[in-house]
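Quick notes on the structure that follows.
All values below come from the heavy atoms of this structure, side chains included, with hydrogens, waters and symmetry mates left out. Naming convention: chains lettered A, B, ... in sequence-line order (proteins, then strands); numbering from 1 in each chain.
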Amino acid sequence: MTQFTTDVEEAVRSIPAGEVRSYQAVARAIGRPGAARAVANVMARNIDPTVPCHRVIRADGKLGGYNRGGEEAKRAILLSEGYQC
DNA sequence: GCGCTGACTGTCA
DNA sequence: ATGACAGCCAGCG
């Protein structure tokens with residue numbers, strides 16, 4: 001586990017339920033603007049239940065991806081949390 | 001230390 | 001508006 005990963009997890013954990021943040025926004029929050037791809041990489045490899053990675057979507061409003069059932073599951077979770085996509 | 005990969009992003013055609 | 005291309009960053013072999 002690297003510091004970068006830890007920072008990403010913390011930033012994602014700070015996202016309130018029903019809200020979403022783009023990978024770029026998270027990257028900026030941890031002081032690495034432009035590292036959106038690296039952030040996505042952390043999400044993809046690190047499956048941590050303490051991190052609401054389903055609240056992290058693309059900057060264009062698309063869901064992006066999910067390691068636990070694909071975009072369908074992600075969309076379902078977001079809907080159940082109150083996020084209208 | 002080098003090069004490839006990916007749940008991305010912004011720009012151009 | 002939709003698709004293709006290039007740029008950026010961290011992790012891994």
For this session: Please state how far atom CZ in A:Arg21 lies from atom C1' in B:dA7, giving the value in whole angstrom units.
Result: 17 Å

For this session: Spell out, as yes or no, whether a donor-acceptor pair under 3.5 Å connects the side chain of A:Lys62 to the backbone of A:Ile57.
Result: no

Seminar exercise, completed: Atom CE of A:Met43 and atom P of B:dG6 are separated, to the nearest Å, by 18 Å

For this session: Quickly work out the A:Arg28 CZ to B:dC8 C1' distance and round it to whole Å.
Result: 13 Å

For this session: Find the distance A:Arg45:CZ to C:dC9:P and express it as a whole number of Å.
Result: 19 Å

For this session: To the nearest Å, give me how far apart CD1 (A:Ile47) and P (C:dG11) are.
Result: 17 Å

Exercise. Of all the choices, B:dG10, B:dT5, C:dC8, which nucleotide is nearest to the side chain of A:Arg37 once you look at every atom?
Worked result: C:dC8

For this session: Would you mind telling me which of C:dC9, B:dA7, B:dT9 lies closest to the side-chain atoms of A:Lys74?
Result: B:dA7

Problem set entry | Inter-residue atom distance A:Ser22.OG - A:Arg28.CZ, 0.5 Å rounding | 6.5 Å

Seminar exercise, completed: Closest of C:dA10, B:dG10, B:dA7 to the A:Gln24 side chain is B:dG10

Problem set entry | Spacing of A:Asp60 atom CG relative to C:dA1 atom P, expressed in whole Å | 12 Å

Exercise. What is the distance from CG of A:Leu78 to P of B:dA7, rounded to the nearest Å?
Worked result: 18 Å

Problem set entry | Pair assignment for C:dG3, Watson-Crick or G-U wobble, requiring both distances under 3.5 Å | B:dC12

Exercise. Which distance, rounded to the nearest 0.5 Å, do you find between the CD1 of A:Ile77 and the CD of A:Glu72?
Worked result: 11.5 Å

Exercise. Contact class for A:Arg32 vs. all strands (heavy atom < 4.0 Å): base, sugar-phosphate, or nothing?
Worked result: sugar-phosphate

For this session: Select one nucleotide: of C:dC9, B:dT9, B:dA7, the one nearest the side-chain heavy atoms of A:Ala38.
Result: C:dC9

For this session: Calculate the interatomic distance between A:Asn41 atom CG and B:dC4 atom P; express it in whole Å.
Result: 16 Å

Problem set entry | Electrostatic pair A:Arg55-A:Glu81, nearest N-O below 4.0 angstrom | yes

Exercise. Heavy atoms under 4.0 Å, any strand shown: does A:Phe4 hit a base, just sugar-phosphate, or nothing?
Worked result: sugar-phosphate

Seminar exercise, completed: In Watson-Crick or G-U wobble terms, with both distances under 3.5 Å, the base opposite B:dA7 is none

Problem set entry | Closest to the A:Ala40 side chain, choosing from C:dA10, B:dG10, B:dA7 | B:dA7

For this session: Check whether any side-chain nitrogen or oxygen of A:Thr5 sits under 4.0 Å from OP1 or OP2 of C:dA10, and answer yes or no.
Result: no

Seminar exercise, completed: Among C:dC9, B:dT9, B:dC8, the one nearest any side-chain atom of A:Ala35 is C:dC9

Exercise. How is A:Ala44 classified with respect to the nucleic acid when contacts are heavy atoms under 4.0 Å: base, sugar-phosphate, or nothing?
Worked result: base

Seminar exercise, completed: Taken to the nearest 0.5 Å, the spacing of A:Arg75 CZ from A:Tyr66 OH works out to 13.0 Å

